[in-house]
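Structure incoming, see below.
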Amino acid sequence: MVRPFCNTQINLALRKKIASHLVTRYSTTVAIALKFIPNVISEWGRLKLLDGGDLIGSCGLSHDTTRRRDKSFVKYTLEVDRNMCYRNRPVDFEKRSYYGQVIHFLVLSLPSTCPFVPADPTCTAGRPSSLILAAITPIKPMTQSANGLRMPSYTELGPIEVVDASTIDCVVGRVKDRHTWTIIERHSIIQTLDDPELMATGNPTRGDQE
């Protein structure tokens with residue numbers, strides 16, 4: 001975690017989002033999880049990914065609207081049950097990629113007495129467990145990409161969700177064409193430049209770029 005840092009008063013709506021994450025992560029209940037989420041929580045402005053990865057900024061604490069480059073939009077990967085809509089089918093997880101804007105980086109300390117957190121033999125007895133969480137507003141991707149380059153496009157963001165910060169893969173860029181934003185990944189740019197067919201069918205970008 002990288003400064004700026006502060007202790008942030010969080011509202012009930014965000015506490016419930018954190019509780020929902022804990023329910024998914026530890027198979028507890030929202031009522032029990034809420035008991036271990038304080039009203040004031042540690043917040044950091046930036047996160048540095050391991051192994052020389054990207055430096056990600058949060059919109060809530062470190063976002064500078066005077067700078068042209070926005071490092072708060074990210075790609076992240078979650079495990080999703082393919083059979084979530086079928087009650088009688090077994091759980092079948094697959095990894096799916098999502099994109100969104102980081103609003104907060106939060107550090108939640110759970111006491112050793114927390115009933116739903118498994119004991120960690122590497123931690124000192126009585127020491128709290130710390131979870132690094134990211135509150136993200138995901139994009140609402142369009143059904144069909146408007147740019148023809150196999151890159152997701154969107155016009156609006158969805159409701160906030162809380163995920164483990166370790167699920168974040170990288171920072172992504174954005175290009176605006178009229179009312180539509182298109183996500184730009186480094187590997188997508190390289191793939192496009194190497195593919196004559198994509199270069200021929202893709203629409204030229206214009207307008208704002210981040």
Side-chain angles (χ1 to χ4, degrees), residues 1 5-44 46-51 53-54 56 58-61 72-141 152 157-170 172:
M1 307 299 292
F5 163 83
C6 70
N7 289 314
T8 300
Q9 181 91 23
I10 60 175
N11 57 34
L12 179 59
L14 183 54
R15 289 182 69 235
K16 287 183 176 180
K17 293 292 185 177
I18 296 173
S20 295
H21 170 76
L22 296 179
V23 168
T24 302
R25 185 167 181 165
Y26 296 115
S27 298
T28 183
T29 66
V30 170
I32 293 176
L34 282 172
K35 295 179 181 179
F36 294 91
I37 303 172
N39 293 321
V40 177
I41 195 169
S42 299
E43 179 174 4
W44 293 79
R46 294 179 292 173
L47 174 71
K48 175 69 173 177
L49 298 182
L50 298 176
D51 301 323
D54 294 330
I56 304 162
S58 70
C59 177
L61 193 58
S72 64
F73 279 82
V74 298
K75 175 184 178 181
Y76 58 107
T77 302
L78 301 178
E79 288 192 343
V80 179
D81 181 10
R82 295 191 216 183
N83 296 328
M84 68 173 68
C85 297
Y86 304 96
R87 296 179 57 186
N88 298 324
R89 294 186 183 182
V91 175
D92 182 15
F93 286 111
E94 68 173 358
K95 291 184 177 181
R96 295 182 186 176
S97 295
Y98 298 89
Y99 301 88
Q101 184 177 33
V102 178
I103 307 300
H104 306 286
F105 284 121
L106 305 171
V107 178
L108 175 64
S109 295
L110 297 174
S112 57
T113 55
C114 187
F116 53 80
V117 177
D120 186 349
T122 64
C123 292
T124 305
R127 183 179 179 182
S129 299
S130 294
L131 305 180
I132 302 177
L133 306 175
I136 297 177
T137 50
I139 70 169
K140 290 184 175 181
L157 299 172
I160 196 170
E161 64 179 356
V162 173
V163 302
D164 190 316
S166 66
T167 63
I168 296 177
D169 300 314
C170 61
V172 297

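These values consider heavy atoms only, across backbone and side chains, with no hydrogens, waters or symmetry-generated copies.
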Exercise for review: Please answer whether the main-chain N or O of V23 pairs with a side-chain N or O of S27 as donor and acceptor at a distance below 3.5 Å.
Suggested key: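 Such a contact is absent between S27 side chain and V23 backbone.
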* L14 and side-chain contact (heavy atoms from CB on, under 4.5 Å): which partner among T8, I37, V162? ->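 Exactly one pass, corresponding to V162.
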Listed by chain and number, what are the ring-ring contact (aromatic ring centres under 6.0 Å, His included) partners of F93, not counting sequence neighbours?
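None.
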Looking only at non-hydrogen atoms, find the nearest pair between H21 and D164 and report the distance.
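Taking H21 first and D164 second, the nearest heavy atoms are CE1-N, 3.5 Å.
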With a 4.5 Å heavy-atom cut-off, do R25 and L133 have their side chains touching?
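Yes. Closest side-chain heavy atoms under 4.5 Å.
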Checklist entry - So which heavy atom on L49 is nearest to which on I168, and how close? => result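 Between these two residues, the closest heavy atoms are CD2-O, 4.0 Å.
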task = Of all the heavy-atom pairs spanning E43 and I103, show the shortest one and how long it is.
result =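 Looking at all heavy atoms of both residues, the closest pair is OE2-O, 4.1 Å.
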*Residue pair D81 / P90: nearest heavy atoms and the distance that separates them*: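 Smallest heavy-atom distance, with atoms named: OD1-O, 4.3 Å.
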Compare every heavy atom of S72 with every heavy atom of S58, then report the nearest pair and how far apart it is.
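Distance-wise, the nearest heavy atoms are C-CB, 4.3 Å.
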Salt bridge (charged side-chain N to carboxylate O under 4.0 Å, His left out) between K75 and D169: does it pass, once the steps are laid out? CA-CA 6 Å; K75 175 184 178 181; D169 300 314; 5.1 Å; no
**Asked** Can you tell me if D54 uses its side chain to pair, donor with acceptor, with the backbone of C170 under 3.5 Å?
**Response**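 Checked: no pair found.
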Is K48 reaching over with its side chain to a backbone N or O of G53, donor-acceptor style, under 3.5 angstrom?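 Indeed, once roles are kept as given, a pair shorter than 3.5 Å links the two residues.
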Where do L61 and W44 come nearest, in terms of heavy atoms and distance?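 Closest pair (atom of L61, atom of W44, distance): CD2-C, 3.6 Å.
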Check: Between F116 and F36, how do the two ring planes meet: parallel, tilted or perpendicular, split at 30° and 60°?
Finding: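 Aromatic pair F116/F36 classed perpendicular.
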